[in-house]
Amino acid sequence: MASLTLDVGQGIEVTSADVLRIRRYIPILDHSEPDGTPSHRPMAGRNSRVDWTELDFVQEQPADAAMLVTKENDKIVQFTMLDDNPIWLNAGAAAGPYHGAKFDLPPKANAAVLIGNKVQYVKETPQQVATIIKAKGGKVLPLDRTMFETAVKEIESWVSEPEIWDADLYETGAPGT
């Protein structure tokens, strides 16, 4: 268990093995105004977003939260977000490089990582993603997009297209793109 501090100041024990992703808090994605519109206003105490069996915002900086989680889960590895900030993913629970049949990579993305039914875009190359995921026991997908698309077509009827994590971040003109 990793001991972290929720944004409201309360301690929380996070099961390190269940952590899928740690990244910096992004107000436009992680906070809404009372009317439901995205907010550019930061929330006090929110420095990191931790996706595990639930979603928590914690006071620890992302690198510090990742360090605490990695003490008990060596499958958590650092990748690079499209805005050059680090993001930590559970490579043991990941598959990649992912070449979804229904999307192209946004500008600045070199590869995508699939965790469950979520896609995370990263700056690492497909070969780097494959190497990292393989080293941590995740599922390495074909590096060649054509081979991947052929396999996807075969199973598309029973597998839904994954959701893009932080999709609003990749829309044209969105902050941080």
Side-chain angles (χ1 to χ4, degrees), residues 1-34 36 38-98 100 109 111-124 128-141 159-160 162-170 174-176:
M1 299 287 252
S3 297
L4 300 173
T5 308
L6 291 171
D7 56 347
V8 294
Q10 176 184 346
I12 184 173
E13 295 293 318
V14 174
T15 306
S16 298
D18 293 338
V19 172
L20 299 176
R21 182 176 82 143
I22 301 169
R23 68 155 168 79
R24 69 184 174 89
Y25 164 67
I26 303 171
I28 190 77
L29 298 177
D30 298 329
H31 176 65
S32 297
E33 295 296 339
S39 174
H40 294 274
R41 207 169 28 94
M43 293 284 293
R46 288 187 176 183
N47 291 313
S48 302
R49 173 184 168 137
V50 178
D51 293 285
W52 62 303
T53 54
E54 53 191 82
L55 162 63
D56 285 309
F57 296 103
V58 299
Q59 293 182 7
E60 289 78 10
Q61 293 297 322
D64 296 331
M67 179 191 66
L68 291 168
V69 170
T70 303
K71 286 181 180 178
E72 295 182 351
N73 183 355
D74 69 349
K75 306 224 184 277
I76 301 292
V77 295
Q78 183 177 326
F79 287 92
T80 309
M81 292 177 62
L82 305 189
D83 63 0
D84 294 320
N85 279 291
I87 185 166
W88 289 264
L89 301 175
N90 186 333
Y98 181 72
V113 177
L114 181 67
I115 299 180
N117 199 33
K118 301 276 189 172
V119 171
Q120 178 66 56
Y121 296 121
V122 296
K123 280 193 147 180
E124 284 73 14
Q128 289 170 315
V129 168
T131 300
I132 292 167
I133 288 174
K134 183 178 182 180
K136 297 299 181 176
K139 182 168 179 60
V140 177
L141 299 175
V159 176
S160 63
E163 177 183 347
I164 306 300
W165 248 323
D166 305 326
D168 294 343
L169 189 62
Y170 307 111

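Reckoned from all heavy atoms, side chains included, excluding hydrogens, waters and symmetry mates.
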Checklist line | Separation between CG of D83 and NZ of K123, rounded to the nearest 0.5 Å | finding: 8.0 Å
Next item on the list: Determine which pairs satisfy salt bridge (Lys or Arg N to Asp or Glu O under 4.0 Å) with at least one residue from residues 58-70, sequence neighbours left out, and list them in order.
Entry: none
Margin query: Minimum heavy-atom separation for A109 and L82, please, with both atom names.
Written below: CA-CD2, 3.5 Å
Next item on the list: With side chain to side chain contact (heavy atoms under 4.5 Å, CB included) as the test, would you mind laying out the steps for I87 and Q78 before giving the verdict?
Entry: CA-CA 6 Å; I87 185 166; Q78 183 177 326; over 6 Å; no
Note to self: So, using side chain to side chain contact (heavy atoms under 4.5 Å, CB included) as the criterion, who are the partners of S48 when residues are at least two apart?
What the structure shows: V58, P62
Next item on the list: Name all residues meeting the side chain to side chain donor-acceptor pair (under 3.5 Å) criterion together with K118; count only those two or more places apart in sequence or in a different chain, and write none if there are none.
Entry: E163
Next item on the list: Taking the side chain as every heavy atom from C-beta outward, state whether V122 and M81 have any pair of such atoms under 4.5 Å apart.
Entry: no
Notebook entry, point to check: Taking only residues two or more places apart in sequence, or in another chain, which ones meet D56 in a side chain to side chain donor-acceptor pair (under 3.5 Å)?
Noted result: W52
Margin query: Using side-chain heavy atoms (C-beta onward) and a distance below 4.5 Å, is W165 in contact with I115?
Written below: yes
Next item on the list: Determine whether V19 and I76 make a side-chain contact, defined as any pair of heavy atoms from C-beta on separated by less than 4.5 Å.
Entry: yes
Margin query: Please check this pair: side chain of N73 against backbone of S16, looking for a donor-acceptor N/O pair closer than 3.5 Å.
Written below: yes
Item checked: Side-chain heavy-atom pair V69, W88 within 4.5 angstrom cut-off -> no
Next item on the list: Could you check if a side-chain atom of Y25 sits within less than 4.5 angstrom of a side-chain atom of D7, using non-hydrogen atoms only?
Entry: no
Item checked: Nearest-0.5 Å distance that lies between atom CG in L29 and atom CG in D168 -> 6.0 Å
Checklist line | All side chain to side chain donor-acceptor pair (under 3.5 Å) counterparts of S3, not counting sequence neighbours | finding: E13
Determine all donor-acceptor pairs shorter than 3.5 Å in which one atom belongs to a side chain in residues 129-137; sequence neighbours excluded.
residue: T131; atom: OG1; partner: Q127; partner atom: O; Å: 2.9
residue: T131; atom: OG1; partner: Q127; partner atom: NE2; Å: 3.2
residue: K136; atom: NZ; partner: D74; partner atom: O; Å: 2.8

Margin query: Tell me whether E54 at atom CD has more than 12 heavy atoms from other residues, nucleotides or ligands lying less than 6.0 Å away.
Written below: yes
Note to self: Measuring from atom CG of L68 to atom CD1 of I22, what distance do you get when rounded to the nearest 0.5 angstrom?
What the structure shows: 8.5 Å
Check: Does any N or O in the side chain of N90 come within less than 3.5 Å of the main-chain N or O of L20, such that one atom is a donor and the other an acceptor?
Finding: no
Check: Could you give the distance from CD (Q10) to CD (Q59), rounded to the nearest 0.5 Å?
Finding: 11.0 Å
Margin query: Are D166 and R21 packed together at the side-chain level, in the sense that at least one heavy-atom pair is separated by less than 4.5 angstrom?
Written below: yes
Notebook entry, point to check: Taking C-beta and beyond as the side chain, do D51 and Q120 meet within less than 4.5 Å on heavy atoms?
Noted result: no
Margin query: Please check: side-chain N/O of E124 versus main-chain N/O of T80, any donor-acceptor pairing under 3.5 Å?
Written below: yes
